[in-house]
Amino acid sequence: MDSIKNQIAAIDPFDPATEPNGEEALHKMLSGSTVYSDTNPLRAVPSLEDRRRRKARIAAGLLLGAAAVTAGVLVASNFGPVSSGPAPAVTVEPATPTASTTATPTPTATATTSATTTAAPTQAPTPTTSAVATTAPVVPPVQVPTFKTFTFPDGHISFEYPADWTVRTAQAPYLSEETKAGAVDATILDASGAEIAFVSSGSYGGGTGGWVRRTVYDKAAVPGIIDTSGRSTEFGFASDLILPTPVEGAATPAAPAPDIRPYYFMDVRVAGEFQNGEMGSGARLVRMPNLYMIAGVNFDTDKQPAFAGPSEAKAWMETEQYAQLKALLLSLTYK
């Protein structure tokens, strides 16, 4: 029986290499007497055990192939399809090495790179605009002149005064019709309209003097005014205490009368008159080529003394008004 099973296995239709011709096999079965004899020697056909081993090997190969295919599918699904083109993350944005080091050129990396590229140019103009705005040049304000210059009609004497002050002119005393046009009084008014100073040019003047005890608080040269004899002039702020006039041959008075109070003045005189001590009062007339110049500050004669004492006079010297009046007198110039 074993030999018959082997013969049947040998003609298994699943093995195309050993499959016999159907008609030939039928002819032998019908006409031959010894086809199925157990005494015939066995042909060289594989046994049933060999066939089972062969099928096992084939099944194992199929399983290995399926496992390889499955592994390939899993790898492909995890890493994505491999593209032959260059990785967009490396070529588009070299400044972000994090995208290239992952070795996964997926669309996600490309989207991150494009977002980074878009944000960079939008923020670049912002600091540039703010820097230009902060460093823009500032136009300095126009400086308004703080002083004006007044010149007398004959063009000889001029002086400077604060811009918010005004000058009012009038006819000054004159000697003849020929000198009348050149004789002009200029009254200076401050911002409130008060008459605080005066300058006369081309005028005729005269006066009397006396003996005084003089106290000088301030004095300075006036470089723009030189009298006709070549003497320089000075600005000065002082007070005079009138003394009795000495009589020829009598002793010089040593003390003023009990009811005499000091007289304060601020003007321009020939140099040498602003000295401390007892002396002749002198005059504020300065002889110029166009007759006399008289310049000084108006103190209310009805309120003399203008200050209660030396301390109050020195305190006034620290005010802006004093500085402005002094600057006006020092700016006098003759041309």
Side-chain angles (χ1 to χ4, degrees), residues 144-210 219-238 240 263-274 280-302 304 306 321-335:
V144 179
T146 56
F147 287 91
K148 294 181 180 179
T149 300
F150 174 83
T151 302
F152 282 87
D154 61 5
H156 292 302
I157 294 177
S158 63
F159 59 86
E160 295 180 350
Y161 62 99
D164 58 347
W165 293 6
T166 56
V167 178
R168 185 181 65 222
T169 60
Q171 180 67 60
Y174 58 93
L175 288 175
S176 62
E177 289 298 326
E178 290 78 7
T179 61
K180 179 179 179 180
V184 177
D185 284 339
T187 302
I188 298 95
L189 297 83
D190 65 8
S192 67
E195 300 179 1
I196 57 174
F198 62 91
V199 178
S200 294
S201 175
S203 66
Y204 169 79
T208 59
K219 69 176 181 178
V222 181
I225 301 296
I226 304 295
D227 75 352
T228 54
S229 64
R231 293 180 298 177
S232 61
T233 58
E234 290 179 329
F235 146 86
F237 173 48
D240 282 349
Y263 173 85
Y264 289 88
F265 61 96
M266 183 176 180
D267 53 34
V268 175
R269 299 180 178 223
V270 175
E273 291 197 11
F274 286 105
S281 62
R284 55 190 180 188
L285 298 172
V286 179
R287 186 69 165 89
M288 305 299 294
N290 66 335
L291 296 180
Y292 287 97
M293 182 199 78
I294 306 172
V297 173
N298 286 330
F299 290 114
D300 190 349
T301 56
D302 295 334
Q304 284 286 1
Q321 185 188 54
Y322 179 88
Q324 292 171 328
L325 290 169
K326 179 179 179 178
L328 186 154
L329 295 177
L330 289 176
S331 70
L332 285 164
T333 303
Y334 183 90
K335 295 179 180 180

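Keep in mind that the numbers below use all heavy atoms, side chains included, and drop hydrogens, waters and symmetry copies.
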Any side-chain heavy atom of [X] sitting closer than 4.5 Å to one from [Y]?
| X | Y | result |
| --- | --- | --- |
| Ile157 | Lys335 | no |
| Phe159 | Thr149 | no |
| Asp185 | Pro173 | yes |
| Val297 | Phe265 | no |
| Tyr264 | Phe237 | yes |
| Ser201 | Asp154 | yes |
| Phe198 | Asn298 | yes |
| Ser203 | Leu291 | no |

Test Gln171 against Val184 for side-chain contact (heavy atoms from CB on, under 4.5 Å), laying out the working first. CA-CA 5 Å; Gln171 180 67 60; Val184 177; 5.8 Å; no
Taking all non-hydrogen atoms of both residues, which atom of [X] and which atom of [Y] are closest, and how far apart?
| X | Y | result |
| --- | --- | --- |
| Asp190 | Gln321 | OD2-NE2, 4.5 Å |
| Ala186 | Phe152 | CB-CZ, 3.7 Å |
| Ala295 | Leu332 | CB-CD1, 3.6 Å |
| Tyr174 | Ala183 | CB-CB, 3.9 Å |
| Ile225 | Thr233 | O-OG1, 2.9 Å |
| Thr151 | Ser158 | OG1-CB, 3.4 Å |

I need the [X] [atom1] to [Y] [atom2] distance, nearest 0.5 Å.
| X | Y | atom1 | atom2 | value |
| --- | --- | --- | --- | --- |
| Tyr204 | Leu175 | OH | CG | 6.0 Å |
| Ile188 | Gln324 | CD1 | CD | 12.5 Å |
| Arg231 | Glu273 | CZ | CD | 8.0 Å |
| Leu325 | Asp267 | CG | CG | 12.0 Å |

Is there a donor-acceptor contact under 3.5 Å from the side chain of Lys219 to the main chain of Phe274? yes
Within 6.0 angstrom of Phe299 CZ, more than 12 heavy atoms from elsewhere: yes
Residue pairs involving residues 159-170 (criterion side-chain hydrogen bond (donor to acceptor under 3.5 Å, both in side chains); sequence neighbours excluded): Arg168-Glu195
Tyr334: which residues meet the ring pair (Phe, Tyr, Trp, His ring centres under 6.0 Å) condition with it, sequence neighbours left out?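 Partners of Tyr334 under the ring pair (Phe, Tyr, Trp, His ring centres under 6.0 Å) test: His156.
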Stepwise side-chain contact (heavy atoms from CB on, under 4.5 Å) check, Ser232 with Ile226: CA-CA 5 Å; Ser232 61; Ile226 304 295; 4.1 Å; yes
Both conditions, 6.0 Å and 45 degrees, for the charged tip of Arg287 above the ring of Tyr292: are they met here? yes
